[in-house]
Amino acid sequence: MGEIKNVRGGKSPRGAKKLGGGKGLILNRLNRALALLLAAVLSLSLAACGGGGGGDEAVIVIYDGQYSEMKLIHYMVKLLVEEHTDAKVEIREEMAPVNSYNEVVKGTADLMNSYDGTLLTTFLHLDPADVPAGVSLYDFVNSEAAKAEEKGRVRLLDKLGINNTYAIAVPQQIADQYQLNTVSDLIPVADQLVFGAEHDFFTEEGSAKYNPLVRFYGLNFKDARQIDISLKYTAVESGNIDVTCAYSTDGLNKKYQLKILTDDRAFFPEYNGALLARADLFDRLRGAAPDLENVLNMLGGIFTDEIMTDLTYAIDVDNRPLETVAEEYLSSLGLIGQAAD
Amino acid sequence: MSYFLSLYGRRLTAAIGTHFLYVVVSVGIAFVIAFLLGILLSRMPRQAGLILPVISVLQTVPGIVFIGVLFLYLGMVPVTVVIALTIYAIFPILKNTFVGITGVEERYKEAARGCGMSELQILARVEVPLALPSIISGLRISTIYTVSWAVLAAMIGLGGLGELIYAGVSSNNNALILAGALPAAMMALLFSLLIDLLRRALIPKQLRRDAQ
Amino acid sequence: MTARMILEHFAMVGAALALTILLGVPLGVLAYFYERARRPILWLAELLQTVPALALLGMIMVFLGAGKPTVVIGLLLYSLLPVVQNTYVGLSDVDPAIKEVAQGMGMTRLYRLARVEMPIAFPLIFAGIRIAAVTAVGTAVFAAFVGGGGLGSVIYRGIRIANMSMILSGTLVLVAMAIGCDGIMALLERKLRRRFAPR
């Protein structure tokens, strides 16, 4: 915007001032205002080009995730859908999962990678305690999600096979020092250790949280710190916190040599990874992709926690391109690349 | 509401206290540094043209990067927060001090010189008083900014209202976001009022041009 | 990091800044003209400043949806304070003697504003705009949370996977962009100041 203003303001007006006095000045001012307005409109329309688009019926819109597991699954969806159907997948700029979920419900996006536990707590504002006995968490959230009004109806597709739940983790060195293997092993030594995790682990609502955890196991930590999720591993590495709450499929656990302590009394609920889709997606794409649901469910059950940890480790720590990692894994399973052979 | 308070009441009061302290300490230190530096730079406008942009640019470094890097070296201590906030708070005060003092018209200084004032006297009795509206305006911007920047403390486990805000944002809990954001907004208004009082007390009536 | 990200970042900041000037300077003038409008306007600008960026963007997203327009409006609201406040303070600090002379010459209110008061207040107003510009470059990293793209995604990814070189390269480009913006503004300021010079 600066340049436009400069060009218009720089040349003629100065002459005009000498000649015309007051009148010229007012004209200049008008000129400048116009230039500014023009600049604003230009850059806005420029901006709009990025966000707009769509409209094409056979396009599946996904807003990308902010961490590798989510990005990887999204890219695999694109590979599978574009190879096996006539539909296209448009992966847009990344955003926070909560925002992405809101866009799916609104209908500006169609699909995202999510977890049954997240859908339950963060999105539907329910709690594992609300799940009736004998019903799995996965089935329960799907039936709850189906109760939403027509426009915002979403559901989870087949489970991917990963359980990306919370896991209590300590650096290997501390695990060795105190002989820690399970969360219960922490009980006698907790008062010498500082616990630290991201903020949402400390909310008073919900049951898979800090206060319920320490009450459940009878842990009495020396201190509890709430830290930004992106600085958590740095804090562990630098010894500012000793015990943390990690995610079980995170490649970073491997990088920072964190030992995951077994949740021996089964405190944490499951967080089964699954695609979350708008319920009306399959009807809408009936023409271009009659088989869409089966294609998306090709991802069902093809991962384990260890496989996902290795895949995200390859991306986050070995810096391998996400696209290559996704393609290699899918073709190693024979899910893509068959038609070309 | 009362249910919410029973859940978060104690954490909320602690957070407000911590937040308030971070703001007061950081802005206090920043003001002293920025005021002195601003006067110094006004004596050397050429160097100022280089130094000011550099300091202003520190402002761009995203809070989490800045505090993350400081955190690596200083650890999980309040000093880390105070240093980060102070550096962020310096610029608006510095810039406005500089602009205010260099904006004092030459004829006033001439007149003072004519009365036999020394350079120091001119600074203290002519330039600074005339620049006060601008300086205080900078102080106000810095203070308001710092109230919202102080949420950074929560990123490295050091409390403040950011704790509630971050927890609310990441768990999709609007009540929690508001519980952090409303006290922050009220704190900002309170500071703004205090600075208004300060402005009234410090600036002689004749110079308070908005008073007429 | 790609050139596209840099361009996107720049476009969002530029659009937001243009809108900030278009809205902020008139608001400052309004606060100066009408005693009664003063407090509400200044308080509004201050209040906006205290809303956490993520919460603010979340609220705007309800109306504008994901993407760059949300970020641009968010940046606009965030940048208002220095512009509004410095416009108001700059105008009210104009020497009353000068105002009286202008009035005595029979200038109308608006003419006085354009011919006399604005030129005198110009340095302070522009200082406010420059503060807003530099702050906006930094704040625009939040675009990465609402699908706006830009440099934020590089930086947050770097932080998430604790990759120092990725964080630093993102931050350096950001800083360079801020220096660039500030440089352009400085040039602009000199040009305008010469033309606006009171005498």
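Given the structure is predicted, the values throughout are model-derived calculations rather than measurements. Just so it is clear, the values below take in all heavy atoms, side chains as well, and ignore hydrogens, waters and symmetry mates. Lettering of chains follows the sequences in order, A, B, ..., and the numbering in each one begins at 1.
Looking only at heavy-atom pairs under 4.5 Å with chain B, the residue among C:V141, C:I131, C:V51 that has the most is C:I131. Listed options B:A181, B:S192, B:G49 were ranked by heavy-atom pairs under 4.5 angstrom with chain C; first place goes to B:S192.
Shortest non-hydrogen contact noted between C:V89 and B:P133 is CG1-O, 4.1 Å. For the pair B:S137 and C:N86, the tightest heavy-atom approach, listed with the atom from each and the gap, is OG-OD1, 3.3 Å. Scanning both residues, C:L124 and B:S134, for their nearest heavy atoms gives CD1-OG, 3.5 Å.
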(request) Walk me through it: do B:L72 and C:M164 pass the test side chain to side chain contact (heavy atoms under 4.5 Å, CB included)? (result) CA-CA 11 Å; B:L72 276 183; C:M164 214 20 141; 3.7 Å; yes
(request) Please report the C-alpha distance between B:N96 and C:Q85 in whole Å, then the side-chain angles of each, then the deciding distance to 0.1 Å, and finally whether the side chain to side chain contact (heavy atoms under 4.5 Å, CB included) criterion is met. (result) CA-CA 12 Å; B:N96 275 24; C:Q85 158 132 34; over 6 Å; no
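If you check the side chains of B:S148 and C:Q49, you find no donor sitting under 3.5 Å from an acceptor.
For the pair B:V54/C:I179, no side-chain contact is recorded, criterion being any heavy-atom separation below 4.5 Å from C-beta on. Two residues are said to be in side-chain contact when any heavy atoms from C-beta on lie closer than 4.5 Å; C:P82 and B:Y145 meet this criterion. Looking at heavy atoms from C-beta onward, C:V134 lies out of side-chain contact with B:K95 at the 4.5 angstrom threshold.
Distance check: B:I144 CD1 to C:L48 CG gives 11.5 Å after rounding to the nearest 0.5 Å. The CE atom of C:M59 lies 7.5 Å from the CD1 atom of B:I177; values are rounded to the nearest 0.5 Å. To the nearest 0.5 Å, atom CG of residue C:L81 and atom CZ of residue B:R140 are 8.5 Å apart. A distance of 11.5 Å separates CG in C:L42 from CG in B:L189, rounded to the nearest 0.5 Å.
Summarising the local packing, CZ of C:R109 is surrounded by more than 12 heavy atoms from other residues, nucleotides or ligands at distances under 6.0 Å.
Of the atoms belonging to B:L193, it is side-chain heavy atoms, and not backbone ones, that fall under 4.5 Å from chain C. Interface residue C:I155: only side-chain heavy atoms are found under 4.5 Å from chain B. Looking at B:F66, there are no atoms closer than 4.5 Å to chain C (heavy atoms on both sides), in backbone or side chain. If you measure heavy-atom distances from C:Y156 to chain B, the contacts under 4.5 Å come from the side chain alone. Contacts of B:V151 with chain C are absent, with no heavy-atom separation under 4.5 Å from either backbone or side chain.
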